[in-house]
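Reading through the structure tokens given below for one structure.
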Amino acid sequence: QVQLVESGGGLVQAGDSLRLSCAAAGRTFVTYGMGWFRQAPGKEREYVAAITWSGGTTYYADSVKGRFTISINNAKNIVYLQMNTLKPEDTAVYYCGIARVLSARREDYDYWGQGTQVTVSS
């Protein structure tokens, strides 16, 4: 049974930073990809960033490129999302997921965490 637990969300002002964490447990993930998605009220869950378990390859959505950084501590099975220069439009519930490949497609992800709320005020 795979478990993902996100943490680090909160209420911040525009221009501030937050770091989200996603702790993974339950199996060996060495061949998997990890991703962050987000879902704003009334909108579909959208891709934010993804990383290979080795940390060697990362991908970002255009909307966060240059502001967000995804990284991994594979010794601790934790994936991070460093979010800088936050904007009100970044407000959403942020979810981490595990996929069998490095992917930006929601349907490729087999497991999800419960989500953590990020609210950015203007």
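Ring pair Phe68/Tyr94 is tilted by interplanar angle, where 30° to 60° counts as tilted.
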query = Does the side chain to side chain contact (heavy atoms under 4.5 Å, CB included) test come out yes or no for Ser17 and Met83, once each step is laid out?
reply = CA-CA 5 Å; Ser17 298; Met83 306 186 294; over 6 Å; no

request  = Might you work through the side chain to side chain contact (heavy atoms under 4.5 Å, CB included) test for Cys96 and Val79, ending with a clear yes or no?
outcome  = CA-CA 8 Å; Cys96 69; Val79 179; 6.0 Å; no

query = Between Tyr80 and Ile70, does a side chain to side chain contact (heavy atoms under 4.5 Å, CB included) hold up when you go through it step by step?
reply = CA-CA 6 Å; Tyr80 301 100; Ile70 189 170; over 6 Å; no

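Residues satisfying the side chain to side chain contact (heavy atoms under 4.5 Å, CB included) test with Ala14, not counting sequence neighbours, are Pro88, Val120. Every residue two or more places apart in sequence or in another chain that forms a side chain to side chain contact (heavy atoms under 4.5 Å, CB included) with Tyr59 is listed here: Tyr47, Thr57, Leu102.
Formation of a donor-acceptor pair under 3.5 Å by the Thr116 side chain with backbone atoms of Gly9 is found in this model. In this structure, the side chain of Glu6 engages the main chain of Gln114 through a donor-acceptor pair within 3.5 Å. With hydrogens and angles disregarded, no donor-acceptor distance shorter than 3.5 Å links the side chain of Asn77 to the backbone of Ala25.
More than 12 heavy atoms of other shown residues, nucleotides or ligands fall within 6.0 angstrom of atom CD in Glu107.
Distance check, rounded to the nearest 0.5 Å: CG of Leu11 to CD of Gln13 gives 8.0 Å. With rounding to the nearest 0.5 Å, the separation of CE in Met34 from SG in Cys22 is 4.0 Å. Separation of atoms OG (Ser7) and CD1 (Ile78) is listed at 8.0 Å; rounding is to 0.5 Å. For the atom pair Asn84 CG and Thr69 OG1, the distance stands at 6.5 Å (nearest 0.5 Å).
Looking only at side-chain heavy atoms (C-beta outward), Leu20 and Val118 come within less than 4.5 Å of each other. Between Thr119 and Val12, every side-chain heavy-atom pair lies at or beyond the 4.5 Å cut-off. Looking at Val48 and Leu81, their side chains come closer than 4.5 Å, going by heavy atoms from C-beta outward.
Contact check on Lys87 versus Asp90 returns no salt bridge, with no Lys/Arg side-chain nitrogen under 4.0 Å from an Asp/Glu carboxylate oxygen. A salt bridge links Arg100 with Asp110: the distance from a Lys NZ or Arg NE/NH1/NH2 to an Asp or Glu carboxylate oxygen falls below 4.0 Å. Between Glu44 and Arg106 there is a salt bridge, with a side-chain nitrogen of the basic residue lying less than 4.0 Å from a carboxylate oxygen of the acidic one.
Val93 and Leu4 end up in different hydrophobic clusters when Ile, Leu, Val, Met, Phe, Trp and Tyr side chains are linked at under 4.5 Å. Taking hydrophobic clusters as Ile, Leu, Val, Met, Phe, Trp and Tyr residues chained together by side-chain heavy-atom distances below 4.5 Å, Ile98 does not share a cluster with Phe37. When hydrophobic clusters are built by joining Ile, Leu, Val, Met, Phe, Trp and Tyr residues whose side-chain heavy atoms come closer than 4.5 Å, directly or via intermediates, Val2 is grouped together with Ile51. Both Leu86 and Tyr60 sit in one connected hydrophobic cluster of ILVMFWY residues. Membership requires side-chain heavy atoms under 4.5 Å apart, directly or through other members. Residues Tyr109 and Ile72 do not share a hydrophobic cluster, defined by chaining ILVMFWY side chains whose heavy atoms lie under 4.5 Å apart.
Seen from the ring of Tyr95, Arg38 does not count as a face-on cation partner, given the 6.0 Å and 45° thresholds. A cation-pi arrangement is present between Arg45 and Trp112, with the terminal nitrogen or guanidinium carbon under 6.0 Å from the aromatic centre and inside a 45° cone about the axis.
Sorted by first and then second residue, the salt bridge (Lys or Arg N to Asp or Glu O under 4.0 Å) pairs with a member in residues 53-62 read Asp62-Lys65; sequence neighbours excluded.
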